[in-house]
Amino acid sequence: MSATVPASPSGILVEAEDFDSHGGWVVDSQFEAQMGSPYLLAHGLGQPVADATTKVEVGEAGDYEVFVRTRDWAPPHAPGRFALSVNGVRLDTDLGINGDGWSWQPAGRVALPKGEARLALHDLTGFDGRCDAIFFSRDGVAPPNAVDAASRSWRKALRGLPQTPVDGGDYDVVVVGGGISGCAAALTAARLGQTVALVHDRPVLGGNASKEIGLMPRGTQGKLLLELAQRTEDGDLVALSLLQAEPTAQVFLEHRIIAAERQGDRIVSVDAVEAKGGLERRFRGRMFIDTSGVAMLGVLVGAETLFGREARADYDEPYAPEQGDEMHHGNTLFFRTRMADRPVPFPEVPWATEVSKDYANLSGQLTRPGAENGAGPVANANPDNPTFQFSADPTQAWMNQFPATHYWEYGQWLDPYTSGELVRDYLMRALYGTF
Ligand SMILES: Cc1cc2nc3c(=O)[nH]c(=O)nc-3n(C[C@H](O)[C@H](O)[C@H](O)COP(=O)(O)OP(=O)(O)OC[C@H]3O[C@@H](n4cnc5c(N)ncnc54)[C@H](O)[C@@H]3O)c2cc1C
């Protein structure tokens, strides 16, 4: 696919994920397909995180209009506010207060001398401020905000990136998504002597079993799964080192598949974008395996996919609903808590979702990656509610005996391909409401 390069606006584009130092900010690339780019997130649980800093080269001295692409994630409350400083001078405008949806918030005007300019993002709240990019506009025109080919093309041009993907190689097998199933597929292919590329959008392998999330595979487990699911000291799966030991396997971390090409009914290549730097690579293959967990490759090539629950009659499943519908698993947000030996202050969060006080019960935690349902803090250590029970119903007594892992799920009726950020943010509001 070739995209056209829009002529205007012109200026200097700085992608937040490309900053030299992220300080306490983290790269969030999960919602790139929805909002157009990875971004930096200030996830400080109410404590402002350390500044992200970078240097940029200014080729032409002059006055620049500054735009920052951001989002108020709980409008109109703007819980995630931050500021930008240029060469040590903080711009007056608080950022992250631009209403619902991603947009370029005007941040003021600066005079930039030719040469190096220093930029810093200052988090003001610790509540998930987000910065996608900063644009210094010469002609005062706001940058394109749409999530489309023209916008992508504009960004590539300003970042000096090629408009078409560079060669990512030719493989017997290309595996999309490095969860446990993708790791198993790639390792098996490599051990059969096939050349294989495992293309995964996170910095670590494992998907839901990764050290980022920490679930363990459940149910029947074969030899290969047990081998892959061993963990190192820091909770990471050994999957990466097993794959790196295979001479015919290559792992591409932080590469998100964004496009696929097919000839007739065969896929011939997939395109991935690297989270940092934004370079696109094209991987060609004889066989493609979709282990993205969300049938992403299938969706991209227009394959037939199933969504929601089928009607009972479709597969003769006794537990299926009479009528099929679009209900599906929501997304999950895990959180861990620990009991302090003194009261701990927490900022006022009027924008949070109020949740039942019974959630003061903290029994059961995902204590560390791979150790689900650990004991957690003593449930009845809460002096306000020493006899708390999840259920007083004797037939539900198991609820009070087994520790409950702390996670919430939402989005069962929302489109996971277009609403992921909304679902995550909804769950964060509930998490902060708990505190
Ligand atoms: C709280 C919770 C409880 C669960 N309990 C159970 C249970 O009891 N039993 C059960 O069977 N299952 C359970 N599951 C589901 C289980 O975790 C999944 O079935 C399992 O993770 C599937 O593994 P996977 O490798 O297919 O997918 P995932 O673990 O989702 O891995 C897929 C990976 O692909 C990556 N990816 C997605 N799109 C792209 C792209 N475009 N480009 C590159 N990479 C991409 C994703 O980032 C992800 O890391 C639970 C899940 C959660 C969250």
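Remember, predicted model here, so these are calculated numbers, not experimental data. Atoms within each ligand, like the ligands themselves, are counted from 1 in listed order.
At a heavy-atom distance under 4.0 Å, only side-chain atoms of Leu215, from C-beta outward, approach ligand 1.
The residue among His200, Gln30, Arg256 with a heavy atom at the shortest distance from atom 48 (C) of ligand 1 is His200. Of the listed options Ala33, Gly179, Ala259, Gly177, Gly179 places a heavy atom closest to atom 31 (O) of ligand 1. Looking at Asn331, Val199, Asp201, Thr291, it is Asp201 that brings a heavy atom closest to atom 45 (C) of ligand 1. In this structure, of Ala295, Ser181, Cys183, the residue bringing a heavy atom nearest to atom 23 (O) of ligand 1 is Ser181.
Less than 4.0 angstrom separates some heavy atom of Met296 from each of these atoms of ligand 1: 41 (N). Of all atoms in ligand 1, listed by their number and element, those nearer than 4.0 Å to a heavy atom of His255 are 43 (C). Heavy-atom proximity to Gly207, at under 4.0 Å, picks out these atoms of ligand 1: 29 (O), 31 (O), 49 (O).
Ranking protein heavy atoms by distance to atom 17 (O) of ligand 1, first place goes to Asn208 ND2, 3.2 Å. The shortest contact between atom 8 (O) of ligand 1 and any protein heavy atom is with Arg218 NH1, 2.7 Å. The protein heavy atom nearest to atom 38 (N) of ligand 1 is Ser292 CB, 3.7 Å. Counting protein heavy atoms only, atom 27 (O) of ligand 1 is closest to Gly293 CA, 4.0 Å.
Taking each heavy atom of Gln47 and Asp123 in turn, the nearest pair found is O-OD2, 4.2 Å.
Considering backbone and side-chain N/O of Ile180, one or more are found under 3.5 Å from N/O of ligand 1. Between Thr332 and ligand 1, no pair of N/O atoms sits closer than 3.5 Å. Geometrically, ligand 1 and Ile257 share a nitrogen or oxygen pair separated by less than 3.5 Å. Among the atoms of Arg202, none of the N or O lies under 3.5 angstrom from an N or O of ligand 1.
With Val268 as the partner, the side chain to side chain contact (heavy atoms under 4.5 Å, CB included) test is satisfied by one option alone out of Gln263, Arg262, Arg286: Gln263.
Ring pair Phe135/Trp154 is perpendicular by interplanar angle, where above 60° counts as perpendicular and below 30° as parallel. Aromatic ring orientation, Trp351 versus Trp73: perpendicular (interplanar angle above 60°, classes split at 30° and 60°).
Distance remark: protein heavy atom present below 4.0 angstrom from atom 2 (C) of ligand 1. At least one protein heavy atom sits closer than 4.0 Å to atom 41 (N) of ligand 1. In this structure, atom 10 (C) of ligand 1 has its sub-4.0 angstrom surroundings free of protein heavy atoms. Distance remark: protein heavy atom present below 4.0 angstrom from atom 36 (N) of ligand 1. Atom 21 (O) of ligand 1 is approached by the protein to below 4.0 angstrom, counting heavy atoms only.
Within 6.0 Å of atom CE in Met287, 12 or fewer heavy atoms from other residues, nucleotides or ligands are found, so the atom counts as exposed in its surroundings. Shown here is Asp167, whose CG atom has more than 12 heavy atoms of other residues, nucleotides or ligands within 6.0 Å. Atom CG of Asp234 has more than 12 heavy atoms from other residues, nucleotides or ligands within 6.0 Å.
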Give every donor-acceptor pair under 3.5 Å between a side-chain atom in residues 190-199 and any protein atom, sequence neighbours left out.
unit_1: Arg191; atom_1: NH1; unit_2: Glu227; atom_2: OE1; d: 3.1
unit_1: Arg191; atom_1: NH2; unit_2: Glu227; atom_2: OE2; d: 2.8
unit_1: Thr195; atom_1: OG1; unit_2: Asp172; atom_2: N; d: 2.8
unit_1: Thr195; atom_1: OG1; unit_2: Asp172; atom_2: OD2; d: 3.2

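For the pair Glu322 and Arg312, the salt-bridge criterion is met [side-chain N within less than 4.0 Å of a carboxylate O]. Asp128 and Arg424 are not joined by a salt bridge, as no carboxylate oxygen comes within less than 4.0 angstrom of a charged side-chain nitrogen.
Side-chain atoms of Ser37 and Asp132 include a donor-acceptor pair closer than 3.5 Å.
Leu40 CG to Asp28 CG: the interatomic distance, rounded to the nearest 0.5 Å, is 9.5 Å.
Trp102 and Tyr39 have their aromatic ring centers within a separation under 6.0 angstrom.
Distances from ligand 1 to the non-hydrogen atoms of His329 include no value under 4.0 Å.
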